[in-house]
Amino acid sequence: MQAKKRYLTLLSAGTCLALLLYLGGVRLRAARHPPPGSRHGPRPGGAERPWPRFPDALRPFAPAERPGPEGGGRVSPRQRRDSSAGLYRGRRCRMESCFDFAQCRKNGFKVYVYPQQKGEKIAESYQNVLAAIEGSRFYTSDPGQACLFVLSLDTLDRDQLSPQYVHNLRSKVQSLHLWNNGRNHLIFNLYSGTWPDYTEDVGFDIGQAMLAKASISTENFRPNFDVSIPLFSKDHPRTGGEKGFLRFNTIPPLRKYMLVFKGKRYLTGIGSDTRNALYHVHNGEDVVLLTTCKHGKDWQKHKDSRCDRDNAEYEKYDYREMLHNATFCLVPRGRRLGSFRFLEALQAACVPVMLSNGWELPFSEVIDWNQAAIIGDERLLLQIPSTIRSIHQDKILALRQQTQFLWEAYFSSVEKIVLTTLEIIQDRIFKHISRNSLIWNKHPGGLFVLPQYSSYLGDFPYYYANLGLKPLSTFTAVIHAVTPLVSQSQPVLKLLVAVAKSQYCAQIIVLWNCDKPLPAKHRWPATSVPVIVIEGESKVMSSRFLPYDNIVTDAVLSLDEDTVLSTTEVDFAFTVWQSFPERIVGYPARSHFWDNTKERWGYTSKWTNDYSMVLTGAAIYHKYYHYLYTHYLPASLKSMVDQLANCEDILMNFLVSAVTKLPPIKVTQKKQYKETMMGQMDLIINLCMGSARMSYKPFSLGSYGYSTKGNCSCWYL
């Protein structure tokens, strides 16, 4: 029996060995003598292929292969996808590989917008995008100076079914002489793809261009190259924008509804799964999730058994009332990953609960969304109510406050969205001075903290508390002189002596903007602190706010030549400012108001119980505002001030209030401060208030221990 088993084993082994030798010999002979037309010949040096190539069992189910980049060889699915969709052609692009830094480092960060081509229509939303760029400090009309290029061809809506869709965009883009395969170009896009799959292909080869795109997925997002932007409607304001709806920091921060949503329900197709399941969570009390099937032309053909009931309940609730009275707002994906509900929730101080798996959230490169939103998972919808109920009230209040900061800092207007996009790209180019996460995620935000001024947070007036620092304990007085020095009894000389006696005065700068020559050195009184006389080059009003290198202290005491102040009053104002270094602190107060009869803004110096500004004829502020005034404000506003030769102090007040969202602080004195040229004041206020960027309303403050009357904040001497 054992002999028989051994015999069978040997026979089987011999048979297998013979079969292997036979098959191997056939394969080797075929390799040595390839059939006619075969691409495989003997390898150099006589080396033979060691392993056979087995047939592809899936070939009958695979589509026909396209030739590779060189015209031959197998093409992987990734390569096939890259060659068929313009969006993915440069999917490996990063700043280091697809961006030319040379021009940026030579001329700075300048952005060129192509001139509009004759006959090309541009939607209003894209006109707003281009206007925001052209009105920014980055814009240049010279392509030779540009670091970044933006198309004038409308690329926002690339849905082929949309009336805004631009046809033949591929050939139009390729014909641009500066296109250079998209290198150093930025393309803005809100909608891409169409029914039924809504792909992220923009419909033309973007080459090496960067995308500023809404609803972009993490799969297609190219880190440190693309910028994810929010989806905004055509009615989104170009500049300014409405303020957030959080009026009071109420404790507890809970509202009538815990979680709300009101929107379309897609019965079939992409984006339908999550919205079709919302009824499982809806309880009709504090969790109100409403959907309607009643949209589209043929919705009745696809309606299900729940549609009529859902549609009826949908009509019972007012969307804005729900939005303003909810603690959390559900933001599920629509047909695309992004949704209008996202910005609506931010503005309403309703904490967004994100249900859009794979969405690269807007400005995720710089914004920490964990501080302002709840990032959910579509697959765990049923756990959402219990999750948000477990969040502590302190955390809810912090989340709501952060929604307001982010809304007003980056999302309230098309201009802010565009400027944030450009600032992010600028930070990538100049990494050595780029803003950190604290700057982007804390008031006043990245748009108002210019890294060209300093890379050290302690040089800005907003971060002293975070760093455990205090501003320097001295100030620099800047006296604006416009009349010739003809007498030793002139007010400017008395003012100079009084200021020099202050225990906090480090130096005095006299800005000589007079048409007469500089007075001789002996004409100035002797003082215990240095007196530096600077002759203004342009002799314009805005020159008093230039960021002079001679200013070495954090605080600037700005003075008109005819100001009358005692040393005690100077000292008192400075000690108050040390507690509020981000604000203007001073003596002469004014108020602007809306005149219904004239339908314009008015300006008054009457003594009332409130005020909205403190004039810089006798005020202290941080020297950083000189840099912002010079490098951030629109040139048109500064030109108007220089033409009027007045109102520069009003413009400075609007700037500081726009940055801090806080009013100035008035300190009292015994003298009455007089002001002239009220008509010109009215004009500049109307210009400022007409510019939504500078829109400002004073705030009521009563928590710091000083007197508040109406909208004013006063310290008494």
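No hydrogens, no waters, no symmetry mates; every other heavy atom, side chains included, goes into these values.
- Looking at Trp407, its side chain never comes within 3.5 Å of a backbone N or O of Ala348 through a donor-acceptor pair.
- No side-chain donor-acceptor contact under 3.5 Å links Asp554 to the backbone of Pro461.
- No donor-acceptor pair under 3.5 Å is formed between the side chain of Ser543 and the backbone N or O of Lys539.
- Atom NZ of Lys234 is surrounded by 12 or fewer heavy atoms from other residues, nucleotides or ligands within 6.0 Å.
- Proximity of the aromatic rings of Trp440 and Tyr410 is defined here by a centroid distance below 6.0 angstrom, and this criterion is met.
- Side-chain N or O atoms of Arg222 include none that pairs as donor or acceptor with a backbone N or O of Arg92 at under 3.5 Å.
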**Report entry** Criterion side chain to side chain contact (heavy atoms under 4.5 Å, CB included) on Glu423 and Leu447, from CA distance to verdict
**Finding:** CA-CA 7 Å; Glu423 294 282 9; Leu447 298 187; 3.7 Å; yes
Requested in this report: Just do the side chain to side chain contact (heavy atoms under 4.5 Å, CB included) check on Leu511 and Leu546 with the steps written out, would you?
Outcome: CA-CA 10 Å; Leu511 179 60; Leu546 288 174; over 6 Å; no
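- If you take CG on Asn653 and CG on Leu615, they are separated by 6.5 Å, rounding to the nearest 0.5 Å.
- The shortest side-chain heavy-atom distance between Leu337 and Asn357 does not fall under the 4.5 Å cut-off.
- Taking all atoms of both residues into account, the shortest heavy-atom contact from His185 to Leu178 is CE1-O, 3.0 Å.
- Around the NZ atom of Lys442, the shell of radius 6.0 Å holds no more than 12 heavy atoms that belong to other residues, nucleotides or ligands.
- A 4.5 Å side-chain heavy-atom check between Lys172 and Val166 finds at least one atom pair inside the cut-off.
- Between Glu415 and Arg238, no side-chain nitrogen of the basic residue sits less than 4.0 Å from a carboxylate oxygen of the acidic one, so the salt-bridge criterion is not met.
- Results of the side-chain hydrogen bond (donor to acceptor under 3.5 Å, both in side chains) test with Ser192 over Lys213, Glu200, Arg336 single out Lys213 as the only residue that passes.
- A perpendicular orientation is assigned to the rings of Phe101 and Phe99, their planes being inclined by more than 60° (bins at 30° and 60°).
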Query raised in the report: Run the side chain to side chain contact (heavy atoms under 4.5 Å, CB included) check on Met210 and Ile187 step by step: do they pass?
Result: CA-CA 6 Å; Met210 291 181 285; Ile187 295 173; over 6 Å; no
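- Contact of the Glu365 side chain with the Asn224 side chain is registered, since non-hydrogen atoms from C-beta on lie closer than 4.5 Å.
- For the side-chain contact (heavy atoms from CB on, under 4.5 Å) test with Thr194, the passing option among Thr199, Asp159, Asp201 is Asp159; the others fail.
- Between Phe545 and Tyr625, the gap from one ring centroid to the other reaches at least 6.0 Å.
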Requested in this report: Applying salt bridge (Lys or Arg N to Asp or Glu O under 4.0 Å), run through Lys243 and Glu408 and close with a yes or a no.
Outcome: CA-CA 6 Å; Lys243 294 177 63 65; Glu408 295 186 8; 3.6 Å; yes
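- The line from OG of Ser454 to CG of Leu450 is 11.0 Å long, rounded to the nearest 0.5 Å.
- The distance from the OG atom of Ser162 to the CG atom of Leu156 is 10.5 Å, given to the nearest 0.5 Å.
- With ring centers used as reference points, Tyr114 lies under 6.0 Å from Tyr112.
- Side-chain N/O atoms of Gln404 and Gln401 include no donor and acceptor closer than 3.5 Å.
- In this pair, Phe430 and His432 present their aromatic rings perpendicular. The plane angle is above 60°, beyond the 30 to 60° band.
- Between Tyr624 and His626, a ring centre-to-centre spacing not shorter than 6.0 Å is recorded.
- Under the 4.5 Å side-chain criterion, counting only non-hydrogen atoms from C-beta, Lys638 is not in contact with Met541.
- At least one side-chain heavy atom of Arg91 sits under 4.5 Å from a side-chain heavy atom of Asn220.
- For the ring pair (Phe, Tyr, Trp, His ring centres under 6.0 Å) criterion with Tyr627, the lone passing option out of Tyr632, Tyr453, Phe460 is Tyr453.
- For His592 and Tyr603, the ring centers are positioned 6.0 Å apart or more.
- When every heavy atom of Arg400 is checked against every heavy atom of Leu246, the shortest pair comes out as NH2-CD1, 3.2 Å.
- Considering only heavy atoms from C-beta on, Arg158 stays 4.5 Å or farther from Tyr191 through its side chain.
- No side-chain donor-acceptor contact under 3.5 Å links Asp459 to the backbone of Ser455.
- Residue-environment remark: CD (Gln452) exceeds the threshold of 12 foreign heavy atoms within 6.0 Å.
- If you look at Phe232 and Phe411, their ring centroids are not closer than 6.0 Å.
- Side-chain contact between Trp179 and Gln174 is present, with heavy atoms from C-beta onward closer than 4.5 Å.
- For the pair Lys661 (side chain) and Ala658 (backbone), a donor-acceptor distance under 3.5 Å is present.
- Here the two rings, on Phe342 and Trp359, have centers that are under 6.0 Å apart.
- Nearest heavy-atom pair across Ile429 and Cys147 is CD1-SG, 3.7 Å.
- Looking at every heavy atom in both residues, Pro230 comes nearest to Leu190 through O-CD2, 3.9 Å.
- Under the 4.5 Å side-chain criterion, counting only non-hydrogen atoms from C-beta, Ile425 is in contact with Leu148.
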Report task. Applying side chain to side chain contact (heavy atoms under 4.5 Å, CB included), run through Tyr463 and Ile439 and close with a yes or a no. Result -> CA-CA 9 Å; Tyr463 308 109; Ile439 293 176; 3.8 Å; yes
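- Here the side chain of Ser339 pairs no donor or acceptor atom with the backbone of Gly334 at under 3.5 angstrom.
- In plain terms, the two heavy atoms of Ala555 and Thr553 that are nearest each other are O-OG1, 2.8 Å.
- For the pair Thr660 (side chain) and Glu582 (backbone), a donor-acceptor distance under 3.5 Å is absent.
- The environment of CD in Glu134 is crowded: more than 12 heavy-atom neighbours from other residues, nucleotides or ligands sit within 6.0 Å.
- Residues Leu419 and Ser136 approach most closely at CD2-CB, 3.6 Å, considering heavy atoms.
- Between Tyr462 and Phe448, the ring centre distance reaches or exceeds 6.0 Å.
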